[in-house]
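Report on the following structure.
Residue numbering restarts at 1 for every chain, and letters A, B, ... go by the order of the sequence lines. Reckoned from all heavy atoms, side chains included, excluding hydrogens, waters and symmetry mates.
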Amino acid sequence: MQKQYDFKKQELKWQRFWEKEGLYKFSPQKAGKVFSVDTDPPTLSGKMHLGHVSSYTHEDIIARYRRMKGENVYFPFGVDNNGLPTEKLVESINSVTLFEVGRKNFVQLCQKTISKILPEFVFGWKRIGASCDFSNIYSTISPEAQKISQQRFLELFKQGRIYQKESPTLFCPACQTAIAQAELEDKEEQTVFNDIYFGLEDGGKIVISTTRPELLASCVAVFVHPQDKRHKNLIGKTAIVPLFGQKVEILADDKVDKEKGSGIVMCCTFGDAADLDWYFKYKLPLRISITRPGELNELAGEFKGFSSKIARKMILEKLREKGLLVSQKAISHSVNVHERCGTEIEILPTKQWFIKYLDLKKQFLAQSDKLNWHPQYMKVRLDNWIKGLRWDWCVSRQRYFGIPIPVWRCKKCGKIITPSMKALPVDPLHSSPGKKCGCGSSEFIPETDVLDTWATSSLSPQIALSLIKDKKAREKMFPMSLRPQAHDIINFWLFYTLARSYLHYEKIPWRDVFISGHVLDSKGEKMSKSKGNAVDPETILEKYGADAVRYWAGKAGMGDDFRFSEEEIRQGKRTATKIWNASRFALMHLENYSLKNEDSRYLEDEDKWIFAKLNKAVKEYIVKMDNYQYPRAIEMADSFFWKDFCDNYLEIVKSRVYEPKNKETLRAARFTIYKIILGTLKLYAPFMPFVTEEVYQDYFRKTEKAKSIHLTLLPLIDKKLVFPSVANDFEQVIDAIAQIRKYKSEHRLSMKAEVESISIKAKNKAKIKKYLPLISKLMSVGKIE
RNA sequence: GGACGAUUAGCUCAGUUGGUUAGAGCGCUUCGUUUACAUCGAAGAGGCCGCAGGUUCGAGCCCUGCAUCGUCCACCA
């Protein structure tokens, strides 16, 4: 063993070793109950971030623990490289826009770019010691994933759960696609609240307030509050929209806020979600004046062709000229923007594909009940979301790099034609149904929309399991054992997966759900690129090593967000060093020792005591780990290793190994050291896989046989080595030592200083008597009373 | 506005079904070159357990109300 533990060199070495040996390769034939993890495929981006480090450390701790419990762990790895985020990444890496290169070339460029950047991206996960089966990585855009996704789409189509409908949809004018409610983000924006005169048909005028005067051409009604005395007389009258002249009815609805502006509001198709509600509720006419790219159309007359921003200025100018602009007030309000690009969204009627599922709320809630939630209170979030669902699931996107919706439409009769399951995956743009339509026509219009990313990632269990070739084994593995994920996507990924699983199989997708939190900066604020407070994992890994960073992550409990703490990482590094140092000392005394079980016959009381301590620690460790309370488990390991073993046992046993009274006591000490060190390493192995492997390989591998510490089983202590009453009595020795240390400390003495006599308090004097010589020798005390 | 969570030592957090003097790590103070480790060891200081009521022989833990913070959802002309 070297003198210093060089984590950088060693971590890389063991990572390569694990990979080369295929340590974490899954095979259904291996022994043990299968424990399968529906891992969260990270969205492909240039680099892993600290959130990935922490969430994968949590999963990995669980996976490694289960492996050491003798379970056959399936811990797959995938990347989410489907859809808009990947498009954006590819555009920025190659400095092109998809409009420049065209759809077909762009899709190819995406594939090419992905395979180029993937290895480096994945290396991040290997580096932190994730024990995934990297020999077989899945991708959410692979032909296999496409096949699975299209297959399930067609299944639902046949069940009558897929329909296409023209409907007002959330639409991003910059990305040119429909987006989901989940993709919305709030953004605080400075804007101007304008009071504008509307005419009345019977003469007179009213003032309405709006932040979006560019939508005047789309105005279809004016609303007041039914209990608003000021405006009660207006109800039922007709107003005339300035500049555009359309006549609109004045209606009453209690959604109107009397306090806001003049208390009179215009309703446009569509300014926001409230307009949408009114449109349906009062069956208002449809007046669309904004095109998909976010420009005004012919309905806006002279403003046609201008972007909504410019048109807003022009319209305000015109209103001002005509004396129709009463007043303006700068306000700050929050608007809905697309999370990917920050563009304000529009609501536009477009034709989209939906999965019908609003009728299944009850069933979904029942599925949620069947899951084992960790922590339990997170369940409420899902349940509230399910109860509050208002729309069916819009699964179509007007994008390019995604999984194509596998349908054609007959040019003649309009019937929807689907491919055969065997033909999947298909891209309708580049293939044909291969059969005639029922009406005899063989001309088809291909569907150009692709599926929403969630429509595919909701099938992650199916995609992950598709890597297992043995069909019988694969089917036995569903439902999977565990879904680990963060709390922010409970309403999306977790919900959608649960929903799909019910729609297709009427089963829950997994038994356990484990929810983790987000990494915050050291002040407790959210990390984000824009704030510039994001910590780069690479710097931190360079500085402290993966074991240390994992130690920090392992201290974060379920559900809660937790802070980045360099202090805690330093503590992790100290722990790794301590493990290495204690092992170095121990192994020094184990040279030329070969473990013999009969040595346990000569165990001294301190040996029995430390075995009892380890036994207790292991038992509690297992309880905590089984409940996903790994921060409590690592505390068990810490306090056993640091306090009981290093500070007390090793100090006591030193005299025995340096100057043994006889062979037997030396052998017993060596036996104990061997067992305890190995046991300690095993407790730490899920948390600090590198340093524990280093020590294991250095000494224990030749006797323990297992190729790696990560293939060994938990240190369950042989009952024959546990003597509770002896251990209990010996506890008094520890207590006495503490008292003597305190005395010396208070008298500013070195621990080595000789003391003539001392009196200590003991609970049971009779039982401590036989230990007095031991204590007096150990603590350099002449006489103890 | 609705839901959920949090509030315990200077900081980050434990505290099991209510039961003696409330714990850990870090930080701080003092001491110690003890043959694995100064990346160490020993000792110490430091807490009206957010506030106010209630239940109980007994409350950090149970109940009610309030306050503050956080998260998610809704609203956002």
- Ion pair present between A/E214 and A/R212, side-chain N to carboxylate O less than 4.0 angstrom? yes
- Message: Salt bridge or not between A/E651 and A/K654? Use side-chain N to carboxylate O under 4.0 Å.
- Response: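 The answer is yes: the pair qualifies as a salt bridge.
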So what does [X] hit on the nucleic acid, given a heavy-atom distance under 4.0 Å: a base, only sugar-phosphate, or nothing?
{"X": "A/V335", "value": "nothing"}
{"X": "A/R632", "value": "sugar-phosphate"}
{"X": "A/F223", "value": "nothing"}
{"X": "A/A576", "value": "nothing"}
{"X": "A/C646", "value": "base"}
{"X": "A/T577", "value": "base"}
{"X": "A/K260", "value": "base"}
{"X": "A/D257", "value": "base"}

Euclidean distance for [atom1], [N] against [M] (whole angstrom):
{"N": "B/G47", "M": "B/C28", "atom1": "C1'", "value": "16 Å"}
{"N": "B/G10", "M": "B/C37", "atom1": "C1'", "value": "29 Å"}
{"N": "B/U17", "M": "B/U7", "atom1": "P", "value": "16 Å"}
{"N": "B/G27", "M": "B/U39", "atom1": "P", "value": "12 Å"}
{"N": "B/A67", "M": "B/A24", "atom1": "C1'", "value": "29 Å"}
{"N": "B/G44", "M": "B/A22", "atom1": "P", "value": "16 Å"}
{"N": "B/U29", "M": "B/U34", "atom1": "C1'", "value": "23 Å"}
{"N": "B/G15", "M": "B/G5", "atom1": "P", "value": "15 Å"}

- Query: Counting side-chain heavy atoms from CB outward, which of B/A43, B/C37, B/G41 is closest to A/E651?
  - Reply: B/C37
- Query: What nucleotide among B/U71, B/U34, B/C76 has an atom nearest to a side-chain atom of A/H333?
  - Reply: B/C76
- Query: Can you find a donor-acceptor pair, distance only, under 3.5 Å between A/N491 side chain and B/C73 base?
  - Reply: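 A donor-acceptor contact between them is absent.
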Phosphate OP1/OP2 of [N] contacted by [X] side-chain N/O (<4.0 Å):
{"X": "A/K654", "N": "B/U35", "value": "no"}
{"X": "A/K578", "N": "B/G41", "value": "yes"}
{"X": "A/R741", "N": "B/A43", "value": "no"}
{"X": "A/W552", "N": "B/U12", "value": "no"}

Check nucleotides 2-10 of chain B for protein N or O atoms closer than 3.5 Å to its own N or O atoms and list the pairs.
| from | atom 1 | to | atom 2 | distance (Å) |
| --- | --- | --- | --- | --- |
| B/A3 | O2' | A/N384 | ND2 | 2.8 |

- Query: Between A/K661, A/R670, A/E606, which is the residue that forms a side chain to side chain contact (heavy atoms under 4.5 Å, CB included) with A/R656?
  - Reply: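 Among A/K661, A/R670, A/E606, the one that satisfies the side chain to side chain contact (heavy atoms under 4.5 Å, CB included) with A/R656 is A/E606.
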- Going by atom types alone, do A/E566 and A/Y544 pair a side-chain donor with an acceptor below 3.5 Å?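 On atom types as modelled, these side chains qualify, holding a pair under 3.5 Å.
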- Message: Looking only at side-chain N and O atoms, does A/R741 offer a donor or acceptor that is under 3.5 Å from a partner on A/Q739?
- Response: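 The criterion, which ignores hydrogens and geometry beyond distance, is not satisfied for A/R741 and A/Q739.
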- Query: Does A/R230 have any side chain to side chain contact (heavy atoms under 4.5 Å, CB included) partners at least two apart in sequence or in another chain, and if so, which?
  - Reply: A/D228, A/K258
- Listed by chain and number, what are the side chain to side chain contact (heavy atoms under 4.5 Å, CB included) partners of A/Q328, not counting sequence neighbours?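 A/Q328 satisfies side chain to side chain contact (heavy atoms under 4.5 Å, CB included) with A/V192, A/N194, A/L316, A/R320, A/L325 only.
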- Task: List in chain and number order the residues that pass side-chain hydrogen bond (donor to acceptor under 3.5 Å, both in side chains) with A/W278, two or more places apart in sequence or in another chain; answer none if no residue qualifies.
- Result: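 With neighbours one apart ignored, the set is A/D253.
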- Task: Answer with yes or no after comparing the ring centroid distance for A/W552 and A/F562 against a 6.0 Å cut-off, counting only values under it.
- Result: yes
- A/H374 ring center near A/F514 ring center (under 6.0 Å):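 No, the ring of A/H374 stays outside the 6.0 Å limit from the ring of A/F514, centre to centre.
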For nucleotides 25-28 of chain B, print each protein N/O atom paired with a nucleotide N/O atom at under 3.5 Å, atom names and distance only.
| from | atom 1 | to | atom 2 | distance (Å) |
| --- | --- | --- | --- | --- |
| B/G25 | OP1 | A/K643 | NZ | 3.0 |

- Output row for RNA chain B, stems defined as at least 3 consecutive Watson-Crick or G-U pairs under 3.5 Å, is B:1-7 with B:67-73, B:10-13 with B:23-26, B:28-32 with B:40-44, B:50-54 with B:62-66
- Message: Over 60° means perpendicular and under 30° means parallel, so tell me whether A/H518 and A/H487 are parallel, tilted or perpendicular.
- Response: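 Geometry flag for A/H487 against A/H518: tilted rings.
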